[in-house]
Amino acid sequence: MIDWIQLLGNSAQQILSPVTAAYALAALGLAIHFGYTGLLNFGQAGFMALGAYGYGISTLTFGFPWWAALLVGVGVSIIFALILGVPTLRLRADYLAIVTIAAAEIARLFFTTNTFVQYTGSANGLQGYKGSFEEVNPIPPGRYGFGPFTYNEYDWWVRIFGWGLVIIAALITWRLMKSPWGRVIKGIREDEDAVRALGKNVYFYKMQALVLGGVFGSLAGMVFVLPRAIVPSNFQPTLTFFIYAILLLGGAATVLGPIVGAIVFWVALSFFSGFVARAVEVGWLPFMSTVQAGQLQFILVGIVIMLLVIFRPQGMFGNKKELAFVK
Amino acid sequence: MSSNDAVPSSTPTKTSGLHIGEPAPGVKKVDPIIVADHIKRSFGGLTAVDVEHLEIPRGAITALIGPNGAGKTTLFNLLTGFDKPDTGEWTFDGNSIAGVPAFKVARRGQVRTFQLTKALGLLTVLDNMKLGAKGQSGESLTKAIFPWFWRKEEEEIEARALDLLARFKLDAKKDDYAASLSGGQRKLLEMARALMSEPTLVMLDEPMAGVNPALTQSLLDHILNLKTEGMTVLFVEHDMHMVRHIADWVVVMAEGKVVAEGDPHEVMKNPAVIDAYLGSHHDEDLGELDPSITEAVKELADDDADEIKH
């Protein structure tokens, strides 16, 4: 028989998981890029990788404290955004898409290559960079919480830090999008020539949006690796597409959408894969092996993205009215 | 629908005495706001614009006409910085703006609209308007997060926007998405939005294209109002009725060159203008052309009353 309590418990754990927080943060950055400014960034995984490695390398190789390492990660992602933006933001939107997906892969392969193994750990990645971050943990050792949400002090610290960043990023995004700055950004999404004709420096605004969303991406990368090791294969293009799935699920031009989207995405994915794996074990799906069951969740992600785009392109939190006018 | 609907509600006051000497292509103006020299733009082997000298008079309504493909919109794009010429120098208000990017040109008070209306569809009508205001401190990324830096300014902008929307009879629509407006209302919105930047020169690219006759009159009135308020207007238009009624000066382009300039009633009699138009299929008001032209042209002119609504 399937252990439903354990299955539901495992799914519920995803609500607070730092992975969910990381995806929410990355999706929030993508909402600024894609949802509000109309920039097709297909390299959010690259921003996350730079944040993670920026943090890891400056801690391990240079012995920086956690806050300085965090600033290094953010700084590197700003430089990355500038390198991507300077040649492409004057061109049509699709050029940015091509350049970002390629640049993200270049970053990942750069971290994987053996040449810099002493800094990057090559394909094995990096670990053991948590020391300084662990030291500032104000929570005394022990296990806290109830039911499925029982963690030790470090796990709670990572969760509080991760979700704290999500809340700060969401507040900043919410404030910005209600401001005249957000109005210019949304105007650029609709028609950048019209905004240019009104005397706004469109290129500069697009650059600001690219940098801001990229910084959110790099912070997401750090939150992503804090509970585990940095492994380069985690930052493949599929990561970017998962984040797009979350963004479309929640609503591209919303603040709550990426956050709730990330939670729903991970809870549903965890439930589905857990259910299929157990169903195969107890023989409910005799035509399927355990290995096949593991792959089924990715098929599901694909189907969900398709269904969303067809039947609810505005996502969970998007404004239904906007849809009446989709070009 | 008869063509008389396109007449402004009051008889417009024409501004005269704009030029010095005989009206001819490139004639000197008493007080030019734009002076352009040797502007040339070619796309591959095609020379789209080749203007030797052109002056646009200040405080008047100037129409830029010409058959399709004459280079009117390309000249517009060049003058506003949306396109870069191969050669050429031009000044706005006495300062050279050659090579200055479009957004800086707009900041100097030379604002334009587009032939294909660019209403920002998924912004509300009011947001469209507020976007037009210049020099907003809330548009800086660092100040945008702290509303107390720009809240007061925002209120002033909103009041100005609502005032303009009321004048353009769009105030009832202020909370609707611009995408829900009709084609004519979008033209009105685009013009109103341009006015939010308090320009000195308003450049309208085919303001009447696709506007239904009921709105034409109000658009004409608004353009005339711009002049009353001291702005200079330069517009591209195909509707000859409109040109004759509201323009103080007409510049005729053909094959990239300025072929004639002058008073709207005189310029239509210019042989160069007739040459330019008769070679092409067009919905111009041929009734105003020289009476000595062929019978076929007269027939066309008779049909014209029906066509003018386009």
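Letters A, B, ... mirror the listed sequences (proteins, then strands); counts begin at 1. Remember, it's a predicted structure, so these values are computed and weren't measured experimentally.
Heavy atoms closer than 4.5 Å to chain A are found nowhere in B:Arg108, neither backbone nor side chain. For A:Tyr205, the part lying near chain B is the side chain, with the backbone staying farther off; criterion is any non-hydrogen pair under 4.5 Å. Residue B:Ser137: no heavy atom, backbone or side chain, is found under 4.5 Å from chain A. In this structure, chain A has no heavy atom under 4.5 Å from any part of B:Phe146. Of the atoms belonging to B:Ala194, it is backbone heavy atoms, and not side-chain ones, that fall under 4.5 Å from chain A. In this structure, the portion of B:Ala133 lying under 4.5 Å from any heavy atom of chain A is its backbone and not its side chain.
The OG atom of B:Ser197 sits 8.5 Å away from atom NZ of A:Lys200, with the distance rounded to the nearest 0.5 Å. Put simply, NZ on A:Lys186 and CG on B:Leu131 are 10.5 Å apart, with the number rounded to the nearest 0.5 Å. Rounded to the nearest 0.5 angstrom, B:Arg112 CZ and A:Asp193 CG are separated by 8.0 Å. How far CG of A:Asp191 is from CG of B:Leu123: 11.5 Å, rounded to the nearest 0.5 Å.
Contact of the B:Leu122 side chain with the A:Arg189 side chain is registered, since non-hydrogen atoms from C-beta on lie closer than 4.5 Å. Looking at heavy atoms from C-beta onward, B:Lys130 lies out of side-chain contact with A:Pro180 at the 4.5 angstrom threshold. Looking at heavy atoms from C-beta onward, A:Arg196 lies out of side-chain contact with B:Lys118 at the 4.5 angstrom threshold. Residues B:Leu120 and A:Arg183 form no side-chain contact, since every pair of their non-hydrogen atoms from C-beta on lies 4.5 Å or further apart. Two residues are said to be in side-chain contact when any heavy atoms from C-beta on lie closer than 4.5 Å; A:Val202 and B:Phe103 fail this criterion. Counting heavy atoms from C-beta on, the side chains of A:Leu176 and B:Leu141 come closer than 4.5 Å.
Of all the listed residues (A:Leu212, A:Leu198, A:Ile172, A:Leu171), the one sharing the greatest number of non-hydrogen pairs under 4.5 Å with chain B is A:Leu198. Top candidate by heavy-atom pairs under 4.5 Å with chain A, chosen from B:Ser140, B:Ala119, B:Pro147, is B:Pro147.
Other residues, nucleotides and ligands place more than 12 heavy atoms under 6.0 Å from the NZ atom of B:Lys134.
Pairing each heavy atom of A:Ser179 with each of B:Ala144, the nearest pair is OG-CB, 3.2 Å. Nearest heavy atoms, A:Lys178 versus B:Trp150: O-CH2, 4.0 Å.
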- Derivation and outcome, side-chain contact (heavy atoms from CB on, under 4.5 Å), residues A:Asn201 and B:Arg107: CA-CA 10 Å; A:Asn201 189 349; B:Arg107 281 182 192 173; 4.1 Å; yes
